[in-house]
Amino acid sequence: MIKTALIVAALAFETPAIWARIAMLGVTPGLPVYIGLYVFLALCLGGAAMIRQPVFRWGWAILFAAATILLGSFQTAAADAMSYETFISMLQSAGFIDDALAQYRGPIAWASANALLLLVGIGLKPASRRLPGILAGSAPFLGLALLSTLLFFRGGEGGRGLPSAWVGSAYSVLYGFESITRSVGPRQPVRIARTRPPAYRDIVLIIDESIAARYLDINDPQGVRSGLASPPSGLSVANFGIAASITDCSFGSNMTLRHGGTRAAYNRINATGPSIFAYAKAAGFRTVYVDAQRTGGAFQNGMDDAERGSIDHFIQFDDTPAANRDMAAAGAVIDALANDRREFILVNKMGAHFPIADKFPDTAAPYQPTLPRGLSADVAEMQLPENLYSGAENWRLYRNSYRNTVAWTVGGFFDRLFAHARLRDALIIYTSDHGQKLHERGDSGTTTHCSVVPVAEEGAVPLVAIDASGRWQAAAKRHFDASSHYRIFPTLLAAMGYDPVAVRRSYGEALDSTAPDPATFNGLFNARLGRQPMWVGVRRAALPAPPASDIAAR
Ligand SMILES: [Zn+2]
């Protein structure tokens with residue numbers, strides 16, 4: 001009796017999480033499933049408490065108590081459920097445990113009290129023999145097997161509102177499984193041989209931010225000025241049309257653009273392959289990273305100290321307002337191309353990530369009416385606040401602000417680059433990390449990309465190759481509206497002089513391959529455990545054109 005009371009009291013610590021899950025589910029078929037699962041797991045806890053051999057009973061009690069402290073203290077501190085991803089990053093940052101103990105004393109004490117009740121409730125000697133030994137002994141295994149399997153097939157999702165004791169134990173099982181099956185190993189050194197001299201003195205990869213392919217004049221008559229439509233004489237802009245991105249979120253696209261990755265093996269290659277900077281250095285290029293988005297030396301999109309170690313010149317623009325950062329980036333590229341050194345330059349443009357109302361100057365706002373200005377001038381990037389922009393009229397204003405931003409940050413960027421850069425012996429590949437859903441169909445919602453179930457336009461990006469020789473024109477014609485980000489990394493390696501056959505074997509086809517590309521992006525980049533990538537096709541016919549009716553006659 002006292003044991004039951006202790007276990008019930010322990011479970012009662014998590015009542016807020018239970019209500020939160022119920023509120024989240026609402027009256028849906030998921031509700032009885034959740035309640036059923038909760039009751040089953042609670043009964044399995046009771047079963048474990050009835051195990052007669054003290055060593056097994058106390059063993060489970062200690063495991064459940066430990067899981068309760070780990071998840072409970074996080075969830076109390078964060079006032080939110082702990083995801084599997086968070087669980088892993090917490091294990092991986094166990095070195096900071098001292099800081100955590102100091103900073104979260106209150107939540108840890110609360111979770112420890114919870115865990116103590118559970119420990120004693122399960123561990124104490126059961127009074128009667130109400131449960132057959134075999135049933136008691138198998139109850140915790142049953143609970144753990146059921147929850148682990150369920151979380152596995154949902155890629156780690158679904159533990160919200162279930163007892164921390166169980167969720168923490170199941171996360172541990174999944175983590176153990178992943179450590180064994182996904183043995184990724186350390187990052188490899190450059191192993192591919194170079195079989196010829198580099199094809200260019202300078203190689204530049206420009207990764208724009210949130211640029212929708214059809215909003216550029218090179219891809220749609222209603223698109224805005226990109227600066228790419230009429231290059232200066234002697235320069236060739238090979239337009240691959242509307243291409244598919246790696247994925248519809250910044251992190252995955254940037255990570256894979258910098259490390260390469262095929263559709264079949266991007267996880268392994270991202271985790272263990274050398275970065276593009278490592279390849280460039282090994283091929284004799286000085287490496288330059290121009291980041292117009294972050295400041296103060298901050299890394300983003302999965303960059304770490306090791307990758308930073310392969311970058312010779314790391315450029316950010318701490319003192320430049322957000323609206324002028326892409327102009328500063330153009331200046332940095334112009335400077336790098338002006339010296340006679342062999343260089344590889346990677347640019348993370350500021351582009352057109354939300355908020356965009358103030359990412360262009362007053363003097364460059366041909367598209368009207370726009371969103372109200374002056375509220376977000378110093379903000380580089382943020383999440384779209386719920387309900388801020390919804391409704392057809394707001395999205396119309398958003399699209400006009402977006403057009404002004406694109407004309408300024410893309411058109412202005414290439415105008416400046418083409419006017420001042422020495423491009424005779426350079427290759428420039430230009431694309432965007434992902435596209436944009438701008439709600440042209442009047443669809444509701446507040447997201448522009450990173451949707452859980454993305455539409456085609458979230459992965460529809462521009463893709464051009466710029467050089468003086470014009471050698472990319474044939475490939476661009478062949479794969480017009482039918483190429484993808486996946487082909488950029490092998491293209492860069494081949495241009496650096498790496499053996500094209502070995503490059504293809506490791507990283508897939510390059511932009512000038514004769515093989516067709518599936519032209520799909522991955523809607524589930526973080527596919528792990530039992531989940532598979534979700535491939536979304538990018539076809540021009542499925543993408544809304546920029547609505548001409550957005551723009552007021554002047
Ligand atoms: Zn992005």
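Because the structure is a prediction, the values reported are computed rather than measured. Each ligand, and each atom within it, is numbered from 1 in the order the structure gives. Heavy-atom basis, side chains included; hydrogens, waters and symmetry copies ignored.
Side-chain atoms of Thr256 and Asn270 include a donor-acceptor pair closer than 3.5 Å.
Within Glu209, OE2 is the N, O or S atom that lies nearest to the Zn ion (ligand 1). Within Asp433, OD2 is the N, O or S atom that lies nearest to the Zn ion (ligand 1).
Among the backbone and side-chain atoms of His434, an N/O/S atom is found under 2.8 Å from the Zn ion (ligand 1). At a cut-off of 2.8 Å, Ser250 coordinates the Zn ion (ligand 1) through an N, O or S atom.
Note on residues 411-423: pairs passing side-chain hydrogen bond (donor to acceptor under 3.5 Å, both in side chains), not counting sequence neighbours, are Arg225-Asp415, Asp340-Arg422.
Classification of Glu440 and Arg214 as a salt-bridged pair fails, no side-chain N sitting under 4.0 Å from a carboxylate O.
For the atom pair Arg504 CZ and Ser513 OG, the distance stands at 7.0 Å (nearest 0.5 Å).
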